[in-house]
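For clarity, every value in this text was computed on a predicted model and none was experimentally measured. Values reported hereafter were calculated over all heavy atoms of this structure, with side chains retained and with hydrogens, waters and symmetry mates removed.
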Amino acid sequence: MHAAAEERTTREPDGNADVVVVGAGPTGLMLAAELRLAGASVLVLDRREGPGDTPRASGMNGRIVQLLRYRGLLERFSQGGRGLVPSPSIPFGGMQLDLGRLPDSPLQALHLPQPRLERLLDDHARDLGARVLRGRTVTGLTQDGSTVTAHVSGPDGTSAITARYLVGCDGGWSRVREAAGIGFPGTAYPEVNRLAQVPVPDAVTLRDDGDLDVPGLGRLRAGFTRTDRGVFAFGALSGGDLLVQTTEDLVQTTEGLVRTTEDEAAADEGDAPMTLDELRASVRRVLGADLPFEGATRLSRYRFQARLAERYRDGRVLLAGDAAHQFPATGIGLNVGMLDAVNLGWKLASVVQGRVPDALLETYHDERRFAGERAMLQTQAQVALRRSHDAAGDALREVFQELCADEGALRAIAALVAGTDVRYRLPNPNGHALTGDFAPDLSLSAGEGATSVARLLHAARPVLLLLGENGELREAARGWRDRVDVIEAATEQPPADALLIRPDAHVAWAAAVGEPASSAVPALRDALARWFGAPGPDSAAS
């Protein structure tokens with residue numbers, strides 16, 4: 001798409017930046033903050049007039065919660081809330097998996113409605129110097145070998161904003177992805193899902209164990225209730241409301257077409273808003289009884305998608321969040337999307353600052369598409385568990401739940417959901433188990449006192465953590481001290497003699513305990529150059 005000839009072109013310093021981010025949802029705002037932490041200028045454009053007010057998510061869990069702690073943001077984000085709480089269970093494929101049987105829950109949750117999350121991230125990004133312009137719609141893109149231009153419609157008419165790179169964080173219906181010509185293959189499932197946050201009706205009793213006593217229906221257990229007409233699910237929220245969802249099954253029509261039981265048009269974005277009457281009618285169809293809901297804080301209707309962008313980068317245009325992936329299960333979109341942003345931010349900032357060639361951006365595609373594939377794997381498995389309604393489906397779910405009675409299997413499923421099983425396939429000359437993995441939060445004793453890996457990463461800078469007698473490694477890193485923090489510390493039972501930790505908290509390289517300098521030094525220098533560019537003039541000889 002091309003801009004009209006009469007549009008005005010915005011030039012530095014009035015409107016441009018190193019990077020334009022399209023979309024001010026959690027992914028876009030997190031990316032803006034990460035870019036600013038790494039020293040790049042950023043301009044965020046969003047078509048909405050203000051932060052969203054629809055609680056599309058009531059909280060987050062998984063790896064992103066750990067990452068927020070590594071950025072020092074948890075206290076700020078949980079202020080006035082309950083902070084991190086262990087997740088007692090997780091929904092999986094229309095079942096509820098009990099994590100309470102484990103001695104420690106592998107999932108920590110942060111209860112934070114998405115509108116508040118967006119406002120906190122907006123404040124965080126602006127505090128760091130990001131600019132956020134709202135009421136701007138990107139209508140097209142053009143790019144050449146050195147810049148990318150966004151053609152924008154806003155309150156003052158049309159304009160062209162030019163930057164070094166542009167990142168589409170504009171959701172599943174991404175205009176950036178479409179304009180860049182990036183394919184988004186996959187499947188749209190036809191079941192209609194309705195989600196609502198509602199007060200507990202006066203005629204209904206919420207039991208201490210979280211179940212409901214419903215007149216004329218009896219006891220409804222928290223979690224999933226499957227009928228021959230669909231699935232009804234609910235859970236009690238911390239504020240006293242209920243989160244309610246219905247999923248309507250499919251039927252075969254006389255014309256041979258697969259439709260939902262209510263024979264309605266596709267419930268895609270852009271349809272008429274969902275109403276409370278529509279929710280009541282859906283509950284009646286699924287349960288065969290009325291639930292007298294009298295109000296709602298949130299009402300939404302959606303269909304599951306299973307799609308991955310063919311590539312996360314096209315020249316100077318990149319994708320992150322829902323613009324790059326849509327999963328056929330709820331509860332993981334924030335985790336995966338915001339982790340996209342954390343992986344991309346420091347890499348893109350290094351490229352625009354000229355420290356590394358833009359080939360480094362290919363590692364963003366490789367690593368985060370791999371993470372997207374892992375997320376798609378477990379969500380597609382949930383589809384198979386959720387959609388089978390005959391005796392074979394019942395048998396599948398029963399076998400799956402029997403397998404999850406084993407602690408190891410249950411932890412593995414929880415890690416899949418949390419994304420904590422993702423280990424990037426990085427160069428690993430000595431085969432160290434931590435290379436490519438999320439850095440453990442070691443308690444450290446350093447020259448300035450007690451600290452931890454999490455505290456060292458608050459500034460989102462690379463860290464070379466020396467845990468042994470490492471004079472040769474310290475000297476080898478001299479040429480990178482302008483961009484890598486070299487920390488000498490001690491810890492109980494060190495997992496390595498040295499860890500090179502990227503700003504996204506993943507281990508780029510590790511020296512095995514007792515590894516000789518003859519192999520550790522050249523491997524360290526290779527890793528430093530690969531991720532953080534050529535050494536400066538003070539580099540020690542190899």
Side-chain angles (χ1 to χ4, degrees), residues 24-34 36-37 50-91 99-100 102 104-128 130 132 197 210 235-243 297-298 321 330-343 345 414-415 417-420 438-443 450-460 503-505:
T27 297
L29 292 170
M30 188 72 186
L31 176 59
E34 292 291 299
R36 288 300 303 136
L37 282 170
D53 56 6
T54 300
R56 296 170 62 89
S58 58
M60 63 179 77
N61 57 32
R63 181 69 83 193
I64 188 60
V65 174
Q66 292 174 281
L67 196 285
L68 291 175
R69 184 164 62 84
Y70 278 41
R71 285 293 182 268
L73 293 172
L74 268 189
E75 183 176 353
R76 177 177 179 178
F77 280 26
S78 61
Q79 191 172 30
R82 294 187 292 163
L84 287 184
V85 296
S87 296
S89 64
I90 52 173
L99 301 181
L102 301 175
D104 59 306
S105 175
L107 274 174
Q108 299 289 311
L110 179 65
H111 292 286
L112 183 64
Q114 187 162 330
R116 176 162 169 75
L117 171 64
E118 289 191 18
R119 284 167 172 78
L120 287 166
L121 286 170
D122 187 282
D123 290 344
H124 176 50
R126 291 177 190 267
D127 288 348
L128 292 170
V132 182
Q197 181 176 335
L237 299 174
S238 57
D241 283 354
L242 298 177
L243 191 63
T297 305
R298 169 189 180 186
T330 57
I332 66 166
L334 279 178
N335 186 35
V336 181
M338 291 176 70
L339 289 174
D340 289 346
V342 174
N343 184 287
V417 173
T420 54
F438 197 79
D441 188 18
L442 304 174
S443 297
T451 186
S452 66
V453 168
R455 291 195 186 103
L456 294 178
L457 289 171
H458 282 189
D504 61 353

Starting at [atom1] of [X], measure out to [atom2] of [Y] and round the result to the nearest 0.5 Å.
X      : Y      : atom1 : atom2 : result
Ile90  : Ile332 : CD1   : CD1   : 11.5 Å
Leu112 : Glu118 : CG    : CD    : 10.5 Å
Leu339 : Ile64  : CG    : CD1   : 4.5 Å
Leu456 : Thr451 : CG    : OG1   : 4.5 Å
Ser443 : Arg455 : OG    : CZ    : 8.0 Å
Asp127 : Asp123 : CG    : CG    : 6.0 Å

Are any non-hydrogen side-chain atoms of [X] and [Y] less than 4.5 angstrom apart?
X      : Y      : value
Asn61  : Gln108 : no
Leu110 : Ser78  : yes
Arg298 : Leu243 : yes
Leu29  : His124 : no

Between [X] (side chain) and [Y] (backbone), is there a donor-acceptor pair under 3.5 Å?
X      : Y      : result
Asn335 : Ala418 : yes
Arg71  : Ala459 : no
Arg119 : Pro115 : yes
Ser105 : Pro88  : no

Closest approach of [X] to [Y] (non-hydrogen atoms, all atoms of both residues):
X      : Y      : answer
Pro106 : Leu99  : CD-CD1, 4.4 Å
Arg63  : Thr420 : NH2-O, 3.0 Å
Met30  : Met338 : SD-CE, 3.9 Å
Leu242 : Ala236 : CD2-CA, 4.1 Å
Val453 : Asp441 : N-OD1, 3.3 Å
Pro503 : Ala460 : CB-O, 3.3 Å

task = Scan residues 104-114 for pairs that pass salt bridge (charged side-chain N to carboxylate O under 4.0 Å, His left out), counting only residues two or more places apart or in two chains.
result =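 Output for this query lists Asp104-Arg411.
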
query = What is the ring orientation for Tyr70 with Phe438, classed by angle as parallel under 30°, tilted 30 to 60°, or perpendicular over 60°?
reply = tilted

key: Partner set under side chain to side chain contact (heavy atoms under 4.5 Å, CB included) for Thr330, not counting sequence neighbours   = Tyr302, Phe304

